[in-house]
2 protein chains.
Amino acid sequence: MALLDIAEVAERSGLAPSALRYYERRGLIASEGRNGLRRTFGSEVLVRLSLVACARASGFTLAEIARFVTATPDDTELRVHLAAKAEQLDAEIDRLTRMRASLRHAAVCTRSPLVECPEFKQAISDAPAA
Amino acid sequence: MALLDIAEVAERSGLAPSALRYYERRGLIASEGRNGLRRTFGSEVLVRLSLVACARASGFTLAEIARFVTATPDDTELRVHLAAKAEQLDAEIDRLTRMRASLRHAAVCTRSPLVECPEFKQAISDAPAA
DNA sequence: CCTTGACTTGAACCTCGCTTCAAGTCGAAG
DNA sequence: CTTCGACTTGAAGCGAGGTTCAAGTCAAGG
């Protein structure tokens with residue numbers, strides 16, 4: 001099993017070396033050891049980084065992700081947090097779906113200014129919490 | 001038509017006065033005039049702030065929002081941008097939907113650590129761009 | 001008129017997620 | 001052995017989205 005150095009991990013993950021060091025500092029990833037001063041990583045770090053990317057894209061902060069990657073099944077507090085986060089994602093999916101509809105309308109609308117269009121406003125404001 | 005002062009707008013919008021001043025500076029909102037030095041706003045600023053909140057929650061930057069709130073139908077470049085943004089929202093909705101499924105699974109999973117669960121990984125990695 | 005509360009301003013500050021910089025280290029290759 | 005490229009470190013910096021602070025202003029009320 002070949003260890004990867006930071007440049008390789010960076011190349012294959014699409015992240016900057018500086019970001020990898022930052023992530024290590026924040027506890028999201030860990031190197032396996034050192035070759036001199038240089039970090040060496042197992043190939044599973046790539047899977048970890050893929051998860052990090054996905055979570056970030058879903059609105060998790062790095063602190064949340066760091067918390068999550070070390071989680072074990074008996075971590076009840078985290079489970080509650082995850083369930084709550086899933087609820088948040090429900091709301092966000094709703095919101096994005098509506099905003100997408102508004103944007104699609106705005107892309108063809110003839111009203112001036114666009115944001116005063118009743119149809120646009122309607123799509124935006126179909127919110128339970130107005 | 002009663003003009004609102006910044007404290008009232010802040011109260012009713014849930015934003016800090018400092019945020020309102022910041023938004024004004026960035027061109028997202030405008031006061032109607034001044035009472036002495038104090039800003040006075042028309043009640044339609046509340047609708048505007050609602051739109052701003054919605055757009056922010058959908059991933060727009062303040063610069064994008066400022067651009068958008070002044071848009072007119074002949075603004076072709078912006079229309080292209082809006083259509084592209086709607087596509088982005090498509091992808092993001094997909095992503096969030098998958099992440100939500102992963103979180104729901106993680107909330108009940110018995111695997112340790114949670115992120116090594118194959119089912120979890122599967123839900124995350126059902127990505128066209130892995 | 002005076003007082004006062006809440007505004008104003010501009011600049012410095014904060015968090016987050018990074019990046020850049022300067023000075024130093026060191027393994028690998030020749 | 002020397003050289004050198006790419007790493008290391010810690011600190012300072014960046015942009016985004018704000019917040020806080022200190023000093024000043026002023027309308028409204030008494």
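Throughout, protein chains are lettered first and strands after them, A, B, ... in sequence-line order, and every chain is numbered starting at 1.
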| message | Any non-hydrogen side-chain atom of B:F60 less than 4.5 Å from a side-chain atom of B:V52? | response | no
| What are the two closest non-hydrogen atoms of A:R79 and B:V108, and how far apart are they? | NH1-N, 3.3 Å
| query | By a strict heavy-atom criterion of less than 4.0 Å, which residues belonging to residues 57-67 of chain B are in contact with DNA chain D? | reply | B:T61, B:L62
| note | Separation between OG (A:S13) and CZ (A:R48), nearest 0.5 Å, reads 13.5 Å
| Out of curiosity, does B:V47 fall in the hydrophobic cluster containing B:L49 (side-chain heavy atoms, cut-off under 4.5 Å, transitive links)? | no
| Does a side-chain N-to-carboxylate-O contact under 4.0 Å join A:D5 and A:R39? | no
| said: Looking at D:dA28, I'd like to know if its phosphate oxygens (OP1 or OP2) sit under 4.0 Å from a side-chain N or O belonging to B:N35. | reply: yes
| A:T40 OG1 to A:E8 CD distance, which is reported to the nearest 0.5 Å | 11.0 Å
| Ion pair A:D90/A:K85, N-O distance below 4.0 Å | no
| Closest-nucleotide ordering on DNA chain D, the 5'-leading residue of B:G36 and B:A19 | B:A19
| query | According to the Watson-Crick and G-U wobble definition with distances under 3.5 Å, which dot-bracket string, read 5' to 3', encodes DNA chain D, using [ ] for crossing pairs and | for pairs with another strand? | reply | ||||||||||||||||||||||||||||||
What N/O pairs connect the protein and nucleotides 7-13 of chain D at under 3.5 Å? Give each pair on its own line.
unit_1	atom_1	unit_2	atom_2	d
D:dC7	O4'	A:R38	NH2	3.4
D:dT8	OP1	A:R39	N	3.1
D:dT8	OP1	A:R39	NH1	2.8
D:dT8	OP2	A:R21	NH1	2.2
D:dT8	O3'	A:R34	NH1	3.3
D:dT9	OP1	A:R34	NH1	3.4
D:dT9	OP1	A:R34	NH2	3.1
D:dT9	OP2	A:R39	NH1	3.0
D:dT9	OP2	A:R39	NH2	2.9

| note | dist B:R21:CZ -> B:S31:OG (nearest 0.5 Å) comes out at 11.5 Å
| said: Return the SG to CZ distance between A:C54 and B:R95, rounded to the nearest 0.5 Å. | reply: 7.5 Å
| field | Whole-Å distance separating the CG atom of B:L4 from the P atom of C:dC7 | value | 13 Å
| Between atom OH in B:Y22 and atom P in C:dG10, what is the gap in whole Å? | 15 Å
| message | As a test of reading the structure: which of C:dT19, D:dT19, C:dC18 is closest to the side chain of A:R56, going by heavy atoms? | response | C:dC18
| Can you tell me how far the CD atom of B:E44 sits from the CG atom of B:L4, to the nearest 0.5 Å? | 9.0 Å
| message | OP1 or OP2 of D:dG18 versus the side-chain N and O atoms of B:Y23: is any pair under 4.0 Å? | response | yes
| note | When rounded to the nearest 0.5 Å, the distance separating CZ of A:R67 from CG of A:L82 is 9.0 Å
